[in-house]
Trainee: 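Let me begin by handing over the structure; questions about it come next.
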Amino acid sequence: MKERKFMMFDVMPTKDIVAWNAMVAGFALHGMSEDSIGFVLEMQNAGQRPNRSTVVSVLPVVGQAKALRQGRSIHGYCVRRYFDEDDIMVGTALLDMYGKCACLVYACRVFDSMSAKNEVTWSAMIGGYVVCDRMVDALEVFDQMMIEGSSKLASSSLASALRACTKLADLNRGKIMHNYSIKCGLLPDITIGNSLLSMYAKIGSVDDTVKYFDEMVFKDSVSYSAIISGYVQNGNVEEAFAIFRRMQLSDVEPDVAVMVGIIPACSHLAALQHGKCTHGLAIIHGLAFDVSVSNALIDMYTKCGRIDHGREVFDRMTKRDIVSWNTIIAGYGMHGLGKEAIFLFLNMQTDGIIPDDITFICLLSACSHSGLVTEGKHWFHAMTLNYGIKPRMEHYICLIDILGRGGFLDEAREYIRRMPFEPDVRVWGALLGACRIHKNIELGEQVSQMIEKLGHESTGNFVLLSNIYSAAGRFTEAAKVRIVQRDRGFVKSPGCSWIEIKGNIHAFIGGDRSHPQSRNIYQKLEDLLVEIKKLGYQPDTSFVLQDMDDEEKEHALLYHSEKLAIAFAILSLSSDKPIFVTKNLRVCGDCHTAIKLITLVSKRIIVVRDTSRFHHFHEGMCNCGDFW
DNA sequence: TTAGGGTTAG
């Protein structure tokens, strides 16, 4: 505010209400919420009474800052001065502010009390429900508006309604709105165009999306980021890269949102070379030092196996937000570096950032991956006692995971019993996973029954129970579980591992012989098997689900996708290069043992990312301590 | 006074 001394405003000999309001609106326009709100207080101190225009200028800023306390006091001021009576603009600004502050009860109260509403009022109410994740209600208000027909249809209302359809994955309704926007002539509106594109990319087929994208007459950076992030969130990573390349050939410049959309595509593939190229592009376009882009880069590097690069990006940031800290803490957790994760958690607070509920999920999962049972329990309780954050289902899942992996199955069961809300299938799933690790058949069966009662079986849980039986040699029961799984339509997705060599992704499925170098790969694997058997490797056939004879089982294990990817990497990379493999499922226990020994015979460092974490294999050891 | 794209966990 010091610079203000030099402003025109300060040199004005007399300041009327118009001048004060212009300043409030000016700060608001530049997103300077604190200054805008502060100025309203300052004008009152200077003896100037805010009028309707002041209120209408400052309320959107209050909403943006989610400053409910100030918003309520402004509301009180409006009531005292009768501004809220029959003034559509004041009423709309108030209800919009309440909506943005997630205070829907008040938003609705203002909305219902308004005797006259215009299209902006309806739009603000629909938007309020969308902000608060109440999509069904948002669409109900939209319908009500259409039935009443007293206001014209604002494109903002349609945009919010389309967003509700997207969140609800309601493609049919979205398509109806698409037709409706054509009828109303709203399609050329870029906001509507991009909302439709975003909807198709997030819930439609790739064909639908490309068709619509190609039909768009005008495309801006929002169009590109909408389609790219929509694709990435849906797992259509290749298609996202294709659109990104099209963008580079177009005259549209990438912006922060485009970069933040495409960077996770590299993380999905664990494609470090792609990630580095994208990082380079962000630097060229002057976007690499943006907080959100840096956050996405930290995430990308940690998920591509390079926690060191992630840390470099983190250390170089001049400004960090809560996402930066959560991302780096989660990164250390994933790499099994729990102590460092706790150290950073403490550092973030000295840096003035208050941990949120997500921070604790990152921290607890870090404790789980590092076997830090005492620390995990401590932070779970401290979260409520010292930080006032009530544990959600996700926090319980982490806690059960920590206790379960650590072998404290009874304690985990007790925590579930004492939960203040009903545990969902994921909580039971965490306990079932622990039963698999610690081979506790009795509890495993009980937990499976609980999961069945909930009626939310998933493929993963069937596989876990089947594994528990197989590990105990009870193949009849294991087979029964698999039959039930098949009859109920759950299909186990095939294990797939991939590796990036010189910027190309090579993917392998178990037993796969489609790779051009398949013969060499299988030969290499046979050679490795001979070598590691000399070191005492015995195939752990309990990880084979089928009741085959031992020789068959050994073959099924030998050709698991992660082993194929590693054999190919040893053939393709010079011996000083670490090998990074990514798998779409958890690493199998037998592969885990085999890979430890492979690091000894091949003198390689092997890093495997599975769905849960990173395994750093080096000199016959894995940093997960054999719990994952 | 309203509206389109983005990063963290599970």
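Residue numbers start from 1 in every chain, and the chains themselves are labelled A, B, ... in the order their sequence lines are given, proteins ahead of strands.
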Trainee: Look at the side chain of A:Asp255 and the base of B:dG5, then say whether one donor and one acceptor between them are separated by less than 3.5 Å.
Mentor: yes

Trainee: If you count heavy atoms of other groups shown closer than 6.0 angstrom to CZ of A:Arg72, is the number above 12?
Mentor: no

Trainee: Name the nucleic acid region contacted by A:Thr92, choosing base, sugar-phosphate or nothing; use a 4.0 angstrom heavy-atom cut-off, strictly under.
Mentor: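 Base, at least one base atom sits under 4.0 Å.
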
Trainee: OP1, OP2 of B:dA9 versus side-chain N and O of A:Lys303: anything below 4.0 Å?
Mentor: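 Affirmative; the distance criterion is met.
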
Trainee: Using a heavy-atom cut-off of under 4.0 Å over every strand shown, decide if A:Ile190 touches base, sugar-phosphate, or nothing.
Mentor: base

Trainee: For a 4.5 angstrom cut-off between non-hydrogen side-chain atoms, does A:Ser221 reach A:Glu253?
Mentor: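 The answer is no, as the side chains (C-beta and beyond) never meet within the 4.5 Å cut-off.
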
Trainee: Just call it for A:Asp357: base, sugar-phosphate, or nothing, with non-hydrogen atoms closer than 4.0 Å on any strand.
Mentor: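 No contact at all - A:Asp357 keeps every heavy atom at 4.0 Å or more from the nucleic acid.
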
Trainee: Which part of the nucleic acid, if any, lies within reach of A:Ser221 when heavy atoms closer than 4.0 Å are counted: base, sugar-phosphate only, or nothing?
Mentor: base

Trainee: Mind checking if A:Ser155 touches a base, just sugar-phosphate, or nothing, with heavy atoms under 4.0 Å?
Mentor: base

Trainee: A:Phe360 versus A:Cys398: any side-chain heavy-atom pair under 4.5 Å?
Mentor: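 Of all side-chain heavy-atom pairs linking A:Cys398 with A:Phe360, none is under 4.5 Å.
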
Trainee: May I ask you to evaluate whether A:Gln233 reaches the phosphate of B:dT7, defined as a side-chain N or O under 4.0 Å from OP1 or OP2?
Mentor: yes

Trainee: I want to check one thing: is the phosphate of B:dG5, taken as OP1 and OP2, less than 4.0 Å away from some side-chain N or O of A:Arg163?
Mentor: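 A:Arg163 to B:dG5 OP1/OP2: side-chain N or O found under 4.0 Å.
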
Trainee: Would you classify A:Ile397 as touching base, sugar-phosphate or nothing, given that sugar-phosphate means primed atoms plus P, OP1 and OP2, and contacts are heavy atoms under 4.0 Å?
Mentor: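 Since only primed, P, OP1 and OP2 atoms lie under 4.0 Å of A:Ile397, the category is sugar-phosphate.
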
Trainee: Answer with yes or no whether A:Ser156 presents, from its side chain, a donor or acceptor under 3.5 Å of a partner atom in the base of B:dT2.
Mentor: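 Per atom types, the contact qualifies.
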
Trainee: What nucleic acid atoms does A:Asp290 come within less than 4.0 Å of, heavy atoms only: base, sugar-phosphate, or nothing?
Mentor: base

Trainee: Whole angstroms only, please: what is the CG-P distance between A:Asp356 and B:dT7?
Mentor: 16 Å

Trainee: Salt-bridged, A:Arg173 to A:Asp143, with N to O below 4.0 Å?
Mentor: yes

Trainee: Could you label the plane-to-plane angle of the A:Tyr200 and A:Tyr212 rings as parallel, tilted or perpendicular, counting under 30° as parallel and over 60° as perpendicular?
Mentor: tilted

Trainee: Scan A:Asp321 against the nucleic acid and name what it touches under 4.0 Å (heavy atoms): base, sugar-phosphate only, or nothing.
Mentor: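 If one applies the 4.0 Å heavy-atom cut-off, A:Asp321 turns out to touch nothing in the nucleic acid.
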
Trainee: Would you say A:Ser160 places a side-chain N or O within less than 4.0 Å of OP1 or OP2 belonging to B:dA3?
Mentor: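 Negative; the distance criterion is not met.
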
Trainee: Could you tell me whether A:Lys219 contacts a base, only the sugar-phosphate backbone, or nothing, with contacts defined as non-hydrogen atoms closer than 4.0 Å?
Mentor: nothing

